[in-house]
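Note that the coordinates shown come from a computational prediction; the quantities given were computed from them, not determined experimentally.
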Amino acid sequence: MINGVIFDMDGVLIDSEPAYLERRIHFCKAYHIAPKHAELEDFIGETNTNIWRKLIPDDLNTPWLKNEYKKYQQEHPINYLKILNPDVKEVFEELKKRDKKIAIASSSPKQEIERMVNSTGLSPYIDYIISGEEFKKSKPNPEIYLVTKKILGGGEYLAIEDSPIGILAAKQAELYTLALRQVTILDQSQADAVINSLQEIFQFI
């Protein structure tokens, strides 16, 4: 029996990756920086630290610039309600009716996860939130999923991912893993199954 579902956030609960990339590119332009990478596929599923390594030339990748971006984020917030997956609330409500636990295990900063949850009204449904920034190694390291399973308690859990990095992390944590199909071409072949919408997870519960 499946006791709960562990969701990735970006690309699963919200269509955030394009919005994040656009904001980062605009920030670079404001500071007259030429990004090393500008393709969406280069950043999907990565931690904030790895994104900076890919985006900013090494000689500019400094704490000062990261602090400036934190200010820029606050001045240019993402409208999470606008990019929320339209199936999320209905799926969460149904999971709770079935007495299933819900967790979010995301590589995004904890502050952004909590802001998304609060601004979209999802907070009452969620049993646990964990961020990759809480670990020395985030996805594809499986620790984020291993800790989540331990916190949620004994039983079996589904992981819902979209990126190859996330799928690998979930599989290494011995979770049955569903990949939400994306318009962007991603290798989701390591997942146990690929779904076209979050509504399809009930076929596996």
request  = Determine the sole option in K96, K101, K100 for which the side chain to side chain donor-acceptor pair (under 3.5 Å) test with D127 is passed.
outcome  = K96

request  = Hey, could you give me the CD/CD distance between Q188 and Q182, rounded to the nearest 0.5 Å?
outcome  = 6.5 Å

ask   = In terms of the angle between their ring planes, are F92 and F7 parallel, tilted or perpendicular, with boundaries placed at 30° and 60°?
value = tilted

query = Does some side-chain heavy atom of Q190 sit less than 4.5 Å from a side-chain heavy atom of L168?
reply = yes

key: Donor + acceptor pair across side chains of Y145, E174 (<3.5 Å)   = no

request  = Find the distance between OG (S131) and CE (M9) and round it off to the nearest 0.5 Å.
outcome  = 8.5 Å

Non-hydrogen side-chain atoms of I83 and I78 separated by less than 4.5 Å = yes

key: Shortest non-hydrogen contact between A191 and A179, atoms and distance   = CB-CB, 3.6 Å

task = Would you kindly confirm whether V91 and I14 end up in one hydrophobic cluster when ILVMFWY residues are joined by side chain heavy atoms under 4.5 Å apart?
result = yes

query = Would you call K139 and D8 a salt bridge, using N to O less than 4.0 angstrom?
reply = yes

query = In Å, rounded to the nearest 0.5 Å, how long is the span from CG of D10 to CD1 of I113?
reply = 8.0 Å

inquiry  = For residues F135 and I167: do they belong to one hydrophobic cluster (side chain heavy atoms under 4.5 Å, members Ile, Leu, Val, Met, Phe, Trp, Tyr)?
reply    = no

note = Heavy-atom closest pair (I130 atom, I144 atom, distance to 0.1 Å) is CG2-CG1, 3.7 Å

ask   = Do NZ/NE/NH1/NH2 and the carboxylate oxygens of R98 and E94 come within less than 4.0 Å?
value = yes

message = Salt bridge or not between K110 and E134? Use side-chain N to carboxylate O under 4.0 Å.
response = yes

inquiry  = Does any part of the side chain of E156, heavy atoms only, come nearer than 4.5 Å to the side chain of Y176, both counted from C-beta?
reply    = no

inquiry  = Heavy-atom count check: over 12 atoms from other residues, nucleotides or ligands less than 6.0 Å from N79 CG?
reply    = yes

query = Should I151 and L95 be counted in the same cluster of Ile, Leu, Val, Met, Phe, Trp and Tyr side chains packed under 4.5 Å apart?
reply = no

ask   = Looking only at side chains, do Y69 and Q74 share a donor and an acceptor under 3.5 Å apart?
value = no

query = Does P35 reach the side chain of R24, with side-chain heavy atoms less than 4.5 Å apart?
reply = no

query = So do the side chains of M116 and I104 get within less than 4.5 Å of each other, counting heavy atoms only?
reply = yes

inquiry  = Are the side chains of R23 and H26 in contact, using a 4.5 Å heavy-atom criterion?
reply    = no

task = Taking atom types as modelled, find out whether Y31 and E68 have a side-chain donor-acceptor pair closer than 3.5 angstrom.
result = yes

Closest non-hydrogen atom pair, D162 against L180 = CB-O, 3.8 Å

request  = Would you give the length of the straight line joining atom CG of L158 to atom CD1 of I2, rounded to the nearest 0.5 angstrom?
outcome  = 4.0 Å

ask   = With no hydrogens and no angle check, is any side-chain donor or acceptor of T177 less than 3.5 Å from a backbone partner on L175?
value = yes

task = Spell out, yes or no, whether I33 and Y72 are grouped together once hydrophobic residues are joined by side-chain heavy atoms under 4.5 Å, including indirect joins.
result = yes

query = Just wondering, do L152 and I6 contact through their side chains at under 4.5 Å, heavy atoms?
reply = yes

ask   = How long is the gap from OG on S197 to CD1 on I195, to the nearest 0.5 Å?
value = 6.5 Å

query = Quick check: are there more than 12 heavy atoms from other residues, nucleotides or ligands sitting under 6.0 Å from NZ of K66?
reply = yes

message = Does E93 have more than 12 heavy atoms from other residues, nucleotides or ligands lying within 6.0 Å of its CD?
response = yes

inquiry  = I'd like to check I160 versus V5 (side-chain heavy atoms, cut-off strictly below 4.5 Å). Are they in contact?
reply    = yes

query = Quick one: do L198 and Y80 end up in the same hydrophobic cluster if we chain Ile, Leu, Val, Met, Phe, Trp and Tyr together by side-chain heavy atoms under 4.5 Å apart?
reply = yes

